[in-house]
Chemist: 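I am attaching a structure below and will ask some questions about it afterwards.
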2 protein chains.
Amino acid sequence: MGSGKTTSFHIALMAGVSQATVSRALRDSPLVSEATREKVKQIARDLNYQVDRSAAGLRSGQTRTLATLLFEDETATDNSVNPYFLSMLGHITRAAARRDYDVLVAFQQLSENWHQHYEISNRADGIILLGYGNYVSFEDKLDRLRRDDAHFVVWGASGPGLDGRTVGCENRLGGEIATRHLLSLGRKRIAFFGEKDERCPEFRDRYAGYEDALAAKGIEVDPDLQFDARGKESLGAAAVERLLASGTRFDAIFAASDLIAIGTIAALREAGLSVPGDVAVVGYDDIHAASCITPALTTVRQDPRAAAGALVDLLLTRIAGGKGDSRQLPPQLVVRNSCGGVKI
Amino acid sequence: MGSGKTTSFHIALMAGVSQATVSRALRDSPLVSEATREKVKQIARDLNYQVDRSAAGLRSGQTRTLATLLFEDETATDNSVNPYFLSMLGHITRAAARRDYDVLVAFQQLSENWHQHYEISNRADGIILLGYGNYVSFEDKLDRLRRDDAHFVVWGASGPGLDGRTVGCENRLGGEIATRHLLSLGRKRIAFFGEKDERCPEFRDRYAGYEDALAAKGIEVDPDLQFDARGKESLGAAAVERLLASGTRFDAIFAASDLIAIGTIAALREAGLSVPGDVAVVGYDDIHAASCITPALTTVRQDPRAAAGALVDLLLTRIAGGKGDSRQLPPQLVVRNSCGGVKI
DNA sequence: CTGAAAGCGCTTACAG
DNA sequence: CTGAAAGCGCTTACAG
């Protein structure tokens with residue numbers, strides 16, 4: 001093109017039409033005749049032309065970009081993000097790409113001022129929040145996003161003020177399924193590793209499902225069998241130590257996440273206990289590592305592909321001005337070797 | 001602001017300066033007096049103003065965005081990406097954020113036409129390629145990027161036409177370190193799991209290091225001990241089967257990646273062999289799962305934080321018009337339990 | 001150090 | 001179905 005980059009004006013000149021028609025043809029506007037459209041597109045291809053997104057974004061006010069924010073615990077020394085969210089990120093980019101959206105990604109800490117970084121600056125049309133399950137800590141930020149009329153959706157339990165903004169798993173049902181599985185294998189003294197208060201609504205719901213399953217069997221819930229743990233291996237291991245030190249009898253552990261379960265199994269074996277011989281362990285999420293460890297982890301799967309698709313769809317609905325409905329995806333038990341009693 | 005969004009004109013009006021001065025002040029131009037700058041910034045803060053990136057991008061031709069492309073094997077049924085790249089992605093976003101760049105991410109398949117998607121369309125100022133180690137397959141695409149004068153850098157071994165574009169690990173040294181470790185523990189019949197041809201330059205270099213270490217001990221390389229495997233667990237397991245079926249004697253395995261090593265260990269145990277008792281196993285990468293499995297995997301660490309920082313720096317150098325130098329980061333042996341002979 | 005003006009490359013009323 | 005014109009909100013010569 002001699003000087004400078006190829007623009008829609010160059011295409012227009014070559015096609016013998018106006019620049020506006022080029023713009024319309026390239027976007028498949030029904031206002032353009034089939035013949036014109038084809039001619040324009042062919043020339044664009046030949047010239048290796050691509051619409052300038054900055055220009056299009058400025059004029060239209062749309063970026064066709066979604067921002068995905070992954071929460072990162074600032075206390076974590078190793079900058080580790082739950083692998084489940086990482087895999088979801090992959091599915092989000094694919095779901096977005098199918099709808100012709102790009103994905104901007106950032107790992108954010110609680111202290112940072114992300115709440116206005118994206119939409120106000122016209123970097124993205126909407127935001128997906130991953131790992132922001134603890135609504136109590138994020139209340140201010142979420143409030144701010146709402147006041148700024150930002151388009152955003154959240155992965156996690158539904159919560160106050162989040163109607164039509166959440167996609168999650170039926171955590172209570174998931175907790176019940178996991179516990180029922182352990183009970184069906186004859187385990188009676190099932191410990192729960194995970195916090196169960198408002199700060200972790202997903203864990204709280206899984207605990208409620210745990211209670212449901214026990215109640216259905218007429219087994220009383222023993223509060224001494226619940227041990228706090230957040231989503232890290234080391235905290236699963238720490239919970240094992242506390243459980244062992246407490247002297248409480250147990251023959252199974254329901255870990256509220258796979259990461260906790262993995263740390264739990266390692267600590268149990270370190271303590272000379274066999275899994276599943278002495279203790280059966282079930283996790284939650286079905287991260288990749290779950291199938292790699294020995295014994296392979298029986299867990300409750302939250303399909304990340306479906307989750308990502310639902311999040312993207314819900315966000316696009318909101319961007320389009322719709323209301324959208326929150327969704328709870330069905331959990332699914334994946335039976336492997338960590339609970340015993342099963343031939344594969 | 002009554003109608004519409006807040007723009008630099010609103011700020012200018014309130015500050016009693018021209019819009020151009022607002023633009024300069026917000027970008028910390030030295031052309032603006034300290035006093036004016038502070039006044040403008042304060043008003044911008046009060047009004048919750050953010051520069052419109054589309055407008056800035058259109059005028060300046062810079063997006064201050066980097067695209068990270070992760071290669072995804074289309075033969076993979078589970079859309080899985082090597083966790084090592086995922087963790088690197090996190091570090092890339094952090095390194096970019098520190099330099100005030102956003103990161104666009106996409107999981108791309110070989111067949112897709114990504115080579116012109118990003119820069120020509122003004123979506124990003126440069127591209128980071130992750131998982132494109134097999135330069136043979138990507139030659140055409142890389143050629144195309146070069147012809148389009150795209151700014152891009154690659155994680156992997158240096159290769160023809162990639163001077164000043166690669167950041168990688170000293171793979172040969174890493175292979176030597178891993179092998180030397182096994183030798184120092186008395187292992188003599190060390191199998192290598194990984195392809196060793198041009199198509200996998202990183203694995204090839206690790207194999208060369210393996211040969212170096214054996215040669216230094218005066219041990220002849222036995223070609224019967226090399227088994228092809230790509231970066232997936234199942235292929236590590238498949239290599240174990242072939243090794244066992246071959247009847248070749250062995251007491252250790254150097255797996256060219258952690259994923260291969262994890263599949264290898266699982267298959268060995270399935271076959272009734274103990275790790276490290278019967279067979280010592282060493283991996284490569286130090287992914288998160290390496291420390292979670294039993295026995296914990298001894299491996300060669302490639303620091304993802306350093307790698308990400310080097311990739312971003314190199315890319316920004318190129319974007320700024322500089323040449324930049326390719327870099328090889330030092331590998332580091334991480335000793336855990338999968339090779340035995342070590343008290344921790 | 002500051003301002004008036006041009007212009008980046010599109011999309012979108014508006015008119016036909 | 002098509003075109004001429006306006007304008008999105010900035011950054012950047014240019015002039016002072």
Side-chain angles (χ1 to χ4, degrees), chain A residues 1-41 43-44 47-65 100 119-125, chain B residues 1-41 43-44 47-65 100 119-125:
Chain A
M1 297 309 89
S3 70
K5 67 183 282 191
T6 308
T7 70
S8 54
F9 284 93
H10 294 102
I11 313 284
L13 199 65
M14 296 189 63
V17 297
S18 74
Q19 179 271 335
T21 296
V22 170
S23 173
R24 292 192 190 100
L26 260 17
R27 279 174 299 121
D28 287 319
S29 161
L31 292 174
V32 177
S33 75
E34 179 66 22
T36 306
R37 187 189 357 263
E38 278 318 310
K39 183 168 31 159
V40 167
K41 285 192 166 186
I43 294 172
L47 264 52
N48 196 17
Y49 169 78
Q50 294 275 112
V51 172
D52 184 303
R53 301 302 292 265
S54 291
L58 173 58
R59 184 59 177 87
S60 69
Q62 285 185 250
T63 59
R64 289 202 81 86
T65 299
D100 206 26
E119 263 195 84
I120 298 183
S121 62
N122 231 325
R123 277 177 169 88
D125 298 336
Chain B
M1 297 310 86
S3 70
K5 66 183 282 190
T6 307
T7 70
S8 53
F9 283 95
H10 294 102
I11 312 284
L13 199 64
M14 297 189 63
V17 298
S18 73
Q19 180 270 336
T21 296
V22 170
S23 173
R24 292 191 190 101
L26 260 18
R27 280 174 298 121
D28 287 319
S29 160
L31 293 174
V32 177
S33 75
E34 180 66 23
T36 307
R37 184 185 6 254
E38 278 318 311
K39 183 167 32 160
V40 167
K41 285 192 165 183
I43 294 172
L47 264 52
N48 197 17
Y49 168 78
Q50 294 275 112
V51 171
D52 184 303
R53 300 302 292 263
S54 290
L58 172 57
R59 183 59 177 86
S60 69
Q62 287 185 247
T63 59
R64 289 203 79 87
T65 299
D100 207 25
E119 263 194 83
I120 297 183
S121 63
N122 231 325
R123 276 177 171 87
D125 298 335

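Source: prediction; values computed, not measured. Convention: sequence-line order gives letters A, B, ...; per-chain numbering from 1.
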Chemist: How long is the line joining CG of L31(A) and C1' of dG3(D), in whole Å?
Modeler: 13 Å
Chemist: Between atom CZ of R24(A) and atom CD of Q19(A), what is the distance when rounded to the nearest 0.5 Å?
Modeler: 9.0 Å
Chemist: Considering heavy-atom distances to DNA chain D, does T21(A) or V51(B) have its closest nucleotide positioned more toward the 5' end?
Modeler: T21(A)
Chemist: Take the protein atom CG of L26(B) and the nucleotide atom C1' of dC10(D), then report the distance between them rounded to whole Å.
Modeler: 11 Å
Chemist: Tell me which nucleotide among dT11(C), dT11(D), dC8(C) gets nearest to the side chain of Q19(B).
Modeler: dT11(D)
Chemist: Looking across every strand, which nucleic acid part, if any, lies under 4.0 Å from S23(B) by heavy atom: base, sugar-phosphate, or nothing?
Modeler: base
Chemist: Does a nitrogen or oxygen in the side chain of R27(A) sit under 4.0 Å from OP1 or OP2 of dT11(C)?
Modeler: yes
Chemist: Under a 3.5 Å cut-off for both distances, is dA4(C) Watson-Crick or wobble paired, and to whom?
Modeler: none
Chemist: Counting only N and O atoms by type, is there a donor-acceptor contact under 3.5 Å from the side chain of T6(A) to the main-chain atoms of Y49(A)?
Modeler: no
Chemist: Which part of the nucleic acid, if any, lies within contact of T36(B), taking any heavy atom under 4.0 Å across all strands shown: a base, the sugar-phosphate backbone alone, or nothing?
Modeler: sugar-phosphate
Chemist: Roughly how many Å is it from CZ in R64(A) to P in dT11(C), rounded to a whole number?
Modeler: 11 Å
Chemist: Please state whether the phosphate of dC10(C), meaning OP1 or OP2, lies under 4.0 angstrom from any side-chain nitrogen or oxygen of Y49(A).
Modeler: yes
Chemist: Taking the minimum atom-to-atom distance to the side chain of S33(B), which one of dC1(D), dG9(D), dC1(C) wins?
Modeler: dC1(C)
Chemist: Separation of E34(B) atom CD from dT2(C) atom P, in whole Å?
Modeler: 11 Å
Chemist: Taking any heavy-atom pair under 4.0 Å as a contact, classify A20(A): base, sugar-phosphate, or nothing.
Modeler: base
Chemist: The side chain of R59(B) lies closest to which of these nucleotides: dG9(C), dG3(C), dG7(C)?
Modeler: dG7(C)
Chemist: When the distance from CG of D28(A) to P of dC1(D) is rounded to whole Å, what number comes out?
Modeler: 14 Å
Chemist: Decide yes or no for T65(A) and D125(A): does some side-chain heavy atom of the first lie under 4.5 Å from some side-chain heavy atom of the second?
Modeler: no
Chemist: Among side-chain atoms of S23(B) and R27(B), is any donor-acceptor pair under 3.5 angstrom?
Modeler: yes
Chemist: Rounding to a whole Å, what distance do you find between L58(B):CG and dG9(D):P?
Modeler: 12 Å
Chemist: Over how many whole Å does the gap from I120(B) atom CD1 to dG9(C) atom P extend?
Modeler: 14 Å
Chemist: Would you say a side-chain N or O of S18(B) is under 4.0 Å from OP1 or OP2 of dG3(C)?
Modeler: yes
Chemist: Answer yes when E38(B) and K41(B) have at least one side-chain N-carboxylate O distance shorter than 4.0 Å, and no when they do not.
Modeler: no
Chemist: Look at the side chain of N122(A) and the backbone N and O of S54(B), then say whether any donor-acceptor pair between them is shorter than 3.5 Å.
Modeler: no
Chemist: Is S8(A) near enough to dG9(C) that one of its side-chain N or O atoms lies under 4.0 angstrom from OP1 or OP2?
Modeler: no
Chemist: Using whole Å, report how far CG of N122(B) lies from P of dC10(C).
Modeler: 9 Å
Chemist: When both hydrogen-bonding distances must be under 3.5 Å and the geometry is Watson-Crick or G-U wobble, what is dA13(C) paired with, if anything?
Modeler: none
